[in-house]
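The next block holds one structure in the form of structure tokens; read it before the comments.
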Amino acid sequence: MNQRSRMETDFLIIGSGASGLLTAARLAPHGRVLLVNKGRFQDSSTWYAQGGIASVISDHDSIESHVRDTLEAGAGLCHEDVVRSIVSQGDRIIHELIEIGTGFDVDDGQLHLTREGGHSHRRIAHVQDASGRAIGEALLAQIAPQPQIQRLEDHAAIDLICLPEPGKASGQRRCYGAYVLSPEEKVLTISARHTVLATGGAGKVYMYTSNPHAASGDGIAMAWRAGCSIMNLEFMQFHPTCLFHPRGSNMLLSEALRGEGALLINKAGQRFMFNYDERGELAPRDIVARAIDHEMKKRGEDCMYLDARPIGRESIQRQFPNIHERLLQLGLDMVAEPIPIVPAAHYICGGVQTDVSGRTSVAGLYAIGETACTGLHGANRLASNSLLECLVMADLCAADILTQPSLTVAQVPAWDDSGIVPESERIQIKQNWDEIRAIMSHYVGIVRSNERLRRARRRLRVIQEEISAYYWKHPVTQDLIELRNLELVAELMVQSALQRHESRGLHFSTDYPEPSETISDTVLTPDTM
Ligand code: FAD
Ligand code: SIN
């Protein structure tokens with residue numbers, strides 16, 4: 001192996017959404033930071049975020065109210081201590097974002113706060129309808145001048161490097177970095193004192209998703225292979241209002257539109273949400289997505305409609321200019337006509353089991369942001385609580401890392417590619433990818449049953465065998481890395497769903513239509529599967 005295939009750093013951060021960027025900024029004064037991202041820095045859910053960031057700012061609001069709304073949306077499964085800890089830090093986080101240059105919308109000298117489903121107050125700070133991009137740009141500008149941070153775009157982490165921990169009981173392992181694929185398709189061996197997974201979500205497991213291409217669940221899959229426990233992966237949140245259009249590729253129509261007065265209607269122009277929940281269009285997301293799904297099936301229609309006309313032209317142009325413009329480019333004018341929508345996979349509430357500072361069960365390894373599962377979201381995330389969680393976790397993760405003893409970086413084994421032969425064609429990867437997404441969409445969607453879940457499990461196992469046979473024989477590529485991770489995360493989602501014998505939040509089963517009296521998380525560990 002030539003020397004350039006090895007790199008060493010103090011802090012390896014994998015992923016550069018909100019959580020990875022803030023962690024890098026916090027750690028930079030304390031050592032060398034290597035920030036790797038498999039695409040461009042802008043290819044993240046963070047950059048796509050529209051509505052904003054939830055936080056108690058108004059004098060009419062209270063932490064107690066934000067906690068209550070989060071617990072209610074989470075359908076009894078949130079960890080209340082985690083909810084309190086994260087929600088109570090919102091105000092501080094917003095002020096820090098303002099200090100580093102995030103230009104939140106202001107009205108009469110005060111932050112303009114919008115509203116979204118499940119919130120009993122206006123509490124979403126936002127930058128028009130492109131809040132994530134503004135936050136991402138401010139964080140990126142903050143780290144850009146810092147020489148201690150080395151940034152590598154187009155570098156995909158393949159797997160974590162975990163070895164027995166010296167002086168610890170047998171079986172206990174420590175993470176010493178990761179193998180990372182360079183754009184030239186060479187595998188780099190990166191040794192690190194501390195490794196942080198900030199790799200985002202897994203929406204690409206489904207055919208229809210609001211997520212960017214990067215959301216293939218890599219962090220969850222890598223953590224699982226490293227021995228971490230995975231929690232509550234059955235709770236995939238479907239966003240109720242994604243565009244239904246052949247060229248719209250599931251573009252999101254922000255929930256803030258409904259917060260400002262947009263209505264959900266069927267083809268005949270009738271509202272239907274009050275048949276399902278007294279909060280109407282502003283019920284939590286699980287309820288709204290299920291209602292839309294039910295209406296579509298009942299009426300045999302391909303989509304429902306979001307009618308934003310009640311908001312009015314002037315407010316649409318002021319608060320939602322990007323959504324308005326993108327729709328116009330597709331020939332749709334939301335000022336003048338209802339827009340066709342369908343629910344699409346949006347946010348994975350489960351993930352790598354961690355505490356609020358992102359500690360996993362493997363020493364030296366942290367997981368933060370959407371990749372992690374702290375217990376904040378329970379069985380259904382409250383809108384705009386995710387960016388808040390990302391930033392609070394990044395802050396606490398960096399602080400926790402700095403309390404750890406500074407270990408010497410171990411001499412880690414290089415990537416072994418002996419016996420690898422070039423592949424003759426890559427079509428199998430594409431086919432497997434499409435099959436997984438179709439299986440998940442057909443059998444593990446908004447409404448589930450034992451029979452469908454078992455069918456999904458059987459089909460995924462066949463694909464898993466094909467991928468395993470292929471993986472170790474041919475050179476690793478980014479497509480192959482993602483396919484292997486996508487399949488594993490799909491299997492873990494199905495297994496988690498099969499283990500939940502009730503309906504709760506985002507998991508609705510026709511075999512168990514009621515919530516159970518016993519409330520518990522679904523925790524999968526590699527030893528038990
Ligand atoms: P991300 O921002 O997704 O970043 C993960 C990064 O990791 C990506 O850049 C990816 O390329 C990289 N990565 C992944 N795998 C690898 C690998 N193997 N090697 C190297 N790099 C890798 N939440 C809110 O709170 N408010 C909102 O208004 C809001 N709107 C949303 C709108 C949309 C359309 C979407 C998709 C999500 C929205 N969310 C919103 C959710 C929120 O944006 C995300 O949960 C959050 O941004 C996740 O941040 P993150 O740092 O965990 O991951
Ligand atoms: C939206 O703007 O509807 C997305 C908000 C979120 O996912 O939290």
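Each ligand, and each atom within it, is numbered from 1 in the order the structure gives. Just the heavy atoms: all of them, side chains too, but no hydrogens, waters or symmetry mates, feed the values below. None of the values given here were measured: they were computed from a predicted structure.
Of the heavy atoms in D43, only backbone atoms (N, CA, C, O) come closer than 4.0 Å to ligand 1. For Y347, every heavy-atom contact with ligand 1 shorter than 4.0 Å involves the side chain, none the backbone. Contact annotation: for L252 versus ligand 1, heavy atoms closer than 4.0 Å belong to the side chain alone. Contacts between L252 and ligand 2, counted as non-hydrogen atom pairs separated by less than 4.0 Å, involve the side chain only.
Nearest protein heavy-atom neighbour of atom 6 (C) of ligand 2: R285 NH2, 3.1 Å.
In the vicinity of A383, heavy-atom distances shorter than 4.0 Å reach the ligand 2 atoms 8 (O). Heavy-atom proximity to E255, at under 4.0 Å, picks out these atoms of ligand 2: 1 (C), 2 (O), 3 (O).
Residue contacts with ligand 1 include R381, since one or more of its heavy atoms lies under 4.0 Å from the ligand. Under a 4.0 angstrom heavy-atom cut-off, Q237 registers as lying outside contact with ligand 2. Note on ligand 1: S131 sits outside its first shell, no heavy atom being nearer than 4.0 Å.
A salt bridge is absent between R122 and D61; no separation between the charged side-chain nitrogens and carboxylate oxygens falls under 4.0 Å.
The option with the heavy atom closest to atom 8 (O) of ligand 2, from among G132, S210, S384, is S384.
Under a cutoff of 6.0 Å and an axis angle of 45°, R381 and Y347 form a cation-pi pair.
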